[in-house]
Amino acid sequence: MRCPSRLAGVRALLGVLLIVLVVGGQALAETAPFAALTVTPAGPQRYDITTGVTTLPQGGTVVDQDTGVTLKAASLQYVEGATIDAKDASVTGSFGRLTATSIHIDVPAATLRASGDLQLVRDGLTVQADALRYDAGREVVDFTGPVRGASPDFQADRVLLDARSGDVLLLGQYRFSEGALTLTSPTGGGRLELHLHQAGGKPVYDAATEISPALLARFSAELR
Amino acid sequence: MRRTRYPLVLLLLLAAGVASAQCQRSPTTSELSIKGFGAAYFQQVRTDSANDRIEFYGGVCLTGEGVGWTVLAESVTIRGLRGELAVSAQHPTLHLEGWTLTAADLQADRRELTLSTVQVDGKDLGGTAATVTVDLQQGSMQLDQAALRAPTFWVRGSRATVTADGITVDHPRITSCTCGGSPLYDVQGSTARLDLQGKSVVLQDGRLHAGPVTLPLSASLTLSEKTLKDLSVPVKVSYVPSDAAAGVAGTGLGVTVGPVGLGPGVHADVGATGLDAAYPLSGVALIAGKAGGDAFTFGKAPGGLRFEMTSDHALLPWLDAGFDTRVLEAGNRDALREGVLHLRAHTPLPALRGDAALKLLAAGSSQTPSTGAVAGARVGATGSLRASTGPAPWGRMTLRTALHGSLYPDQQASQWGVEVQPGYGVRLGPVQVDLGYLARFTDSGSPFTTSLDRLEPAQRPSLNVSARGAWAPGWSASGTLAASYDLVSAPSVDAGLNRLHAGASVARQLGAWRVSAGLDTALEGVIGPNGERDGYLQGHVTAADGGLELGARARYTWAPDPLGLDRLELSAAVPIELPGVELKPYLALNFAPTVTDGTLPAISGHGLDLTFVTCCGALQLGYRDQDGTWSVSVSVDLQRRSAAAVQAGGPGCAGATAAGSTLTVAGAGGATCDAGPAAGPTGASAPGTASGSTTASGTGIMAGAAAGTPPP
């Protein structure tokens, strides 16, 4: 039983809901992420039968059974098979650990949007931004707003992250610092590729203003 | 700090044709700052952390912290970011403190930057060097195997060190011959100091090489616009005629070479007098040396044997001691032989703006004046005091006093003297007025002549007035008045007006012509105590346009011989240009005899100037005989070159560079040179100004201003 609750009266209903979600998710699992979600409430939940919105005022956990993406939030709202909205949430997945005050998941589109005190931490990379959009199908993260990186040290108008390879693309006005070096974009803005590789067991980024064709292809949708 | 030089760097970039690299961020240019080193501005960059390297490409500008240096290159690679920084670039251009250096290769670390196969341009110099090392902290440059071109000379050396103060070249070879090939001459030395602002070269231990001839020069030779004008040339031409009235035994035409350096502080003068048939042939060979307070001269002078040795040293800060030995023979007339030992104590007197001194001497002297030989010991003391009020709006007062006392045991004679010499000077606008008075009381007891130590009584007031300035717009004017009066008679002077001279002149530029006129008179021979002094009134007008010279002069003489109108002269010097040489004959005719006696005019002056314009500069040789007074002139104009020098890409062409621009070289008739891409580094060099001339009358003058050195 994945949904422990003190209220025995609602257990039966939750069980039904879980079955519905799992079954519905299995139907979508072969076509997109977020298709096999398991929701574990941290408290009561209310279901609005007129809108189909389920609210978990004390939050809970949502796990994508296929990708392992786990969402924990202080409060949750979801529409079955459509959207999930979370407040003061964190999401852990192959792309790293994301925290934000607001997260919205579009289940059919397999995208995640986050904003507010947003921070993404992964091996060799810590990013803060105003907002991000994560394409779970292509595993591409698109950070917008003033984007700041603490490791490595950078700033940019926009940042794209290849969640598979860890490569980063800084866009617009940017600044990238490493040791005694500080690289600043042209005044008109530009692109800087940060290629991740391991050196001595540590993640290291190499910078290049000429972007590799492979990375351009990875970000072709975002750069359109 | 860095931003302040951006405009200049941008200009340099444009001049160099490197439009793709800008030394500041722009819409297409990124920046990478390297803490403690500088910054790079570039189109593209890629880092390679595995190999600890960064590569900039697509047009790069690298600027440094500290001294203002900038490197432009198509690509720059930096290694050792985590340790010893190493910068490298191919075909870079370095801009540093007004210098532009293009090279085949660049290597640098945080301390210095090294360029290989370098072309240098800037600050009136262009040229090449095998390597150039720049101290990035101090901004100094060291050029190895340097060959540099200045507007008026070329210099090569094993090493040239460039600092803010100037350029020092080791083992330099300098020549003013800028037409390529083997230079006609060069000057070599141990070091040369080039002051580009002062446009001077100071050469140490110089040797002049011209074909197979090598001529040592003075230990330290300064070549500049000023020194070339005041040229001290190693050859002297003199003509000393006999003057029975003055008791002068002439030596005729003489030529001496010197001073020729024989070693540190030692030089020689050699030659001969009496080269014309009217005078006996006589050799001249003098060697002179100086080291600290010691000096000597000995040999055969035109008048006879000469030996002098002096040694002066400070025993204490306030006490000097010296020993002098002199043997001077002048055809057995007024010969002098003596040895002198002296002590001199001295102290400054700041409160009086002066000083005080006491000199004691003991000497053995022998003199042979026309009145008969005299020889013996002499012991003397002289105390002196100088004081001044210092400059003030109302003028400056000075006072000099001296007490003399001498004993001559062999002649059982003695001499005393008291001298008081007050003075007052004041400047009133353009007018300087000086008043003086000499009061000397003495018993004239010396058995020797006044040329040695005999004193004569004097009471002589004097007045000097001079003025110089712009008389009117476009006009310059000057005037002098000098007068002195002897109140008492002495054996060599009668009481009365001693001197009364007055003169005035004006000058104005009228188009290409420089016109001047003057009037001066000497009246002491007219109103003085006797007729042996000068008394005349003369005036002159001259006009010259740089080539043609015209003049007129008239003089009326009253004393010492009342000649009346003895000069009514017209003169002209007309330049004639021939291939490779310019002639300028001079002729002056005196029409006074025609006016007074109806005879033909007499030649009162003649002369000839020859100017050879070569790629080494223009050499002018000339002589002039005016009223029996000979003068020989030599001038060197390094600015003026033959067309071959200009076409050879001389200094003037060095500035035109990669842009292939055409520029006009000042002087040399406005010759032009087209500097193509192969013409080397750029930088419009300011036309040089080193030129000079020297003239001398009476004792003559001569040649050989060694300016420079060599080699292409």
Side-chain angles (χ1 to χ4, degrees), chain A residues 123-125 147 149 151-160 162 165-216 219 223, chain B residues 2-3 6 10 19-66 74-87 108-111:
Chain A
D123 187 24
L125 181 69
V147 186
S151 172
D153 180 8
F154 66 80
Q155 293 180 3
D157 291 340
R158 185 184 177 196
V159 171
L160 299 178
D162 182 345
S165 65
D167 290 347
V168 176
L169 183 63
L170 309 187
L171 298 170
Q173 299 275 358
Y174 62 77
R175 178 190 58 76
F176 172 70
S177 299
E178 183 176 357
L181 306 181
T182 299
L183 197 158
T184 309
S185 68
T187 57
R191 297 173 176 178
L192 183 69
E193 175 182 337
L194 302 180
H195 172 62
L196 175 66
H197 63 97
Q198 299 293 318
K202 294 182 179 179
V204 175
Y205 287 92
D206 275 334
T209 50
E210 276 194 309
I211 314 304
S212 65
L215 196 63
L216 288 175
F219 298 145
L223 296 176
Chain B
R2 187 182 308 134
R3 295 180 188 280
Y6 287 164
L10 285 173
S20 58
Q22 294 181 324
C23 296
Q24 61 178 345
R25 285 178 67 215
S26 76
T28 58
T29 304
S30 303
E31 174 186 354
L32 179 76
S33 67
I34 306 170
K35 195 175 297 181
F37 181 73
Y41 302 90
F42 52 87
Q43 300 295 303
Q44 305 292 354
V45 64
R46 56 177 162 246
T47 66
D48 181 357
S49 55
N51 295 303
D52 195 15
R53 103 184 204 148
I54 300 178
E55 182 182 1
F56 307 95
Y57 57 100
V60 185
C61 170
L62 194 62
T63 64
E65 294 181 351
E74 177 60 27
S75 65
V76 173
T77 300
I78 299 179
R79 293 182 175 83
L81 292 166
R82 302 189 191 96
E84 280 296 303
L85 193 79
V87 180
D109 57 25
R110 292 183 187 274
R111 293 172 298 280

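By convention in this document, chain letters (A, B, ...) are assigned in the order of the sequence lines, proteins followed by strands, and residues within each chain are numbered from 1. All values reported here derive from a predicted model rather than from experimental measurement.
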Which atom pair, heavy atoms only, marks the closest approach of A:P186 to B:P27?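 Closest heavy-atom pair between A:P186 and B:P27: CB-O, 3.3 Å.
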Can you name the nearest heavy-atom pair linking B:F42 to A:T209, along with the distance?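 That closest heavy-atom pairing would be CE1-CG2, 4.5 Å.
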Is there a donor-acceptor pair closer than 3.5 Å between any side-chain N or O of B:S49 and the backbone N or O of A:D206? no
Contacts of residues 189-201 of chain A with chain B (heavy atom under 4.5 Å): A:G189, A:H197
Going by the rule salt bridge (Lys or Arg N to Asp or Glu O under 4.0 Å), which residues pair with B:R53 if we only count those two or more places apart in sequence or in a different chain?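 Scan of B:R53 (salt bridge (Lys or Arg N to Asp or Glu O under 4.0 Å), adjacent residues dropped) gives B:E55.
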Going by salt bridge (Lys or Arg N to Asp or Glu O under 4.0 Å), name the residues that satisfy it together with A:D157, two or more places apart in sequence or in a different chain. none
N/O donor to acceptor pairs below 3.5 angstrom from side-chain atoms of residues 174-182 of chain A, sequence neighbours left out:
| residue | atom | partner | partner atom | Å |
| --- | --- | --- | --- | --- |
| A:R175 | NH1 | A:S177 | OG | 2.7 |
| A:R175 | NH2 | A:D153 | OD1 | 3.4 |
| A:S177 | OG | A:T182 | OG1 | 3.4 |

Side chain, backbone, both or neither: which part of B:F56 has an atom under 4.5 Å from a heavy atom of chain A?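 When you check distances to chain A, no heavy atom of B:F56 falls under 4.5 Å.
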Calculate, to the nearest 0.5 Å, the distance between atoms CZ and OG1 belonging to B:R25 and A:T187 respectively.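 The CZ atom of B:R25 sits 6.0 Å away from the OG1 atom of A:T187.
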Looking at chain A, which one of B:I34, B:T28, B:T47, B:L32 has the largest number of heavy-atom pairs inside 4.5 Å, strictly under?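 With the most close heavy-atom pairs to chain A, the winner is B:T47.
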